[in-house]
Amino acid sequence: MAERTARKPVTVTKFVDKKAKGEKIAVLTAYDYFTARFLDNAGADALLVGDSVGMVVYGEKNTHSVTMEMMLAHTRAVAKADPAALVIGDMPYMSYQPSLKTAVINAGRFVSEAGAESVKLEGGIEMAPTIKRIVECGIPVMGHLGMTPQSVHRFGGARVQGRTDASRQYLLESAQALQEAGAFGIVLELMQSDTATEITKAIAIPTIGIGAGKHCDGQVLVINDITGMYDIFQPKFVRRYADLASVIEKAATEFVADVKSGGYPTDDESFS
Ligand code: KIV
């Protein structure tokens with residue numbers, strides 16, 4: 001295992017300051033202890049334990065079946081790696097929408113039971129009171145605007161947002177409302193680049209884009225997408241840096257062949 005780099009922890013304050021310093025922010029999703037270590041060594045500023053885990057780890061079609069228990073287990077594994085990167089726990093479907101009380105209790109569980117340093121939740125201006133209440137309880141919250149996957153049915157599919165004046169206006173007003181509510185950053189997902197640029201200029205907290213163009217303050221991608229571990233589909237905005245699916249398949253094929261031929265194990269790989 002590679003030796004770990006000694007990095008200073010990326011606190012929420014440091015994360016936010018990066019925007020003022022003009023330093024781009026790199027965020028990746030992580031769902032387990034070992035991947036969290038690799039991504040931390042790579043210098044990621046934050047590790048988002050995304051509810052995308054439902055799709056890229058559990059093979060679900062969308063994120064709707066992801067539960068608090070699943071998210072707490074994966075967040076605990078990532079936090080256990082003790083990364084310098086900021087750990088953000090993603091609040092799953094219906095863990096914060098029903099009431100402020102539900103939202104606060106579940107946000108608190110991410111911190112007290114799983115070791116998250118912050119949480120993320122989806123939604124625009126209508127979610128501002130929820131963000132405000134969680135922040136008042138001492139938990140940093142990241143917002144998430146644009147094509148928010150938990151509302152995919154309302155959007156009628158994964159459609160690029162911000163194309164109409166009304167959509168653009170809603171996103172801009174929402175970004176401002178989330179900032180006023182105390183969010184420390186906002187993910188902008190699948191959004192027309194001009195709209196993302198306008199939002200990024202209008203608010204003081206960092207915008208983290210995913211399919212939202214190059215003018216966001218930072219970018220986030222799903223680790224299984226960039227490593228080629230998720231091969232169901234590849235959105236236009238994903239850049240694939242590795243093809244781990246082939247690497248794993250090749251290793252497994254060689255193992256199967258060695259076992260079948262009697263080539264594994266050798267005496268050196270056995271105990272006398
Ligand atoms: O769940 C997730 O991975 C996310 C990112 C795609 C932003 O919310």
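As the structure lists them, so they are numbered: ligands from 1, and atoms in each ligand from 1. None of the values given here were measured: they were computed from a predicted structure.
Open room surrounds CD on Glu249; 12 or fewer heavy atoms of other groups in view lie less than 6.0 Å from it.
Looking only at distances, no side-chain donor or acceptor of Gln161 sits under 3.5 Å from a matching main-chain atom of Met147. Without hydrogens or angle criteria, Asp40 side chain to Ala85 main chain gives a donor-acceptor distance under 3.5 Å.
Those atoms of ligand 1 with a heavy atom of Gly50 less than 4.0 angstrom away are 1 (O), 2 (C), 3 (O). The contact set between ligand 1 and Thr29, taken as ligand atoms under 4.0 Å from a residue heavy atom, comprises 3 (O). Atoms of ligand 1 lying under 4.0 Å from at least one heavy atom of His144, given by number and element, are 7 (C), 8 (O).
With hydrogens left out, the protein atom closest to atom 5 (C) of ligand 1 is Leu48 CD2, 3.7 Å, a heavy atom. In terms of protein heavy-atom proximity, atom 3 (O) of ligand 1 is nearest to Ser52 OG, 2.5 Å. The protein heavy-atom contact nearest to atom 6 (C) of ligand 1 is Ile210 CD1, 3.6 Å.
Considering backbone and side-chain N/O atoms, Asp51 comes within less than 3.5 Å of an N/O atom of ligand 1. At a 3.5 angstrom cut-off on N or O pairs, Lys120 counts as close to ligand 1. In terms of polar-atom proximity, Asp90 is counted as a contact of ligand 1, with an N or O under 3.5 Å from an N or O of the ligand.
Using cut-offs of 30° and 60° on the angle between ring planes, the pair Tyr93 and His64 is tilted.
Taking the six-membered ring where the residue is Trp, the centroids of His74 and Tyr33 are separated by 6.0 Å or more.
At a threshold of 4.0 Å, the pair Asp45-Lys18 counts as salt-bridged, since one of the basic side-chain nitrogens sits closer than that to a carboxylate oxygen. Salt bridge annotation for Glu69-Arg109: present, with a cationic side-chain nitrogen under 4.0 angstrom from a carboxylate oxygen.
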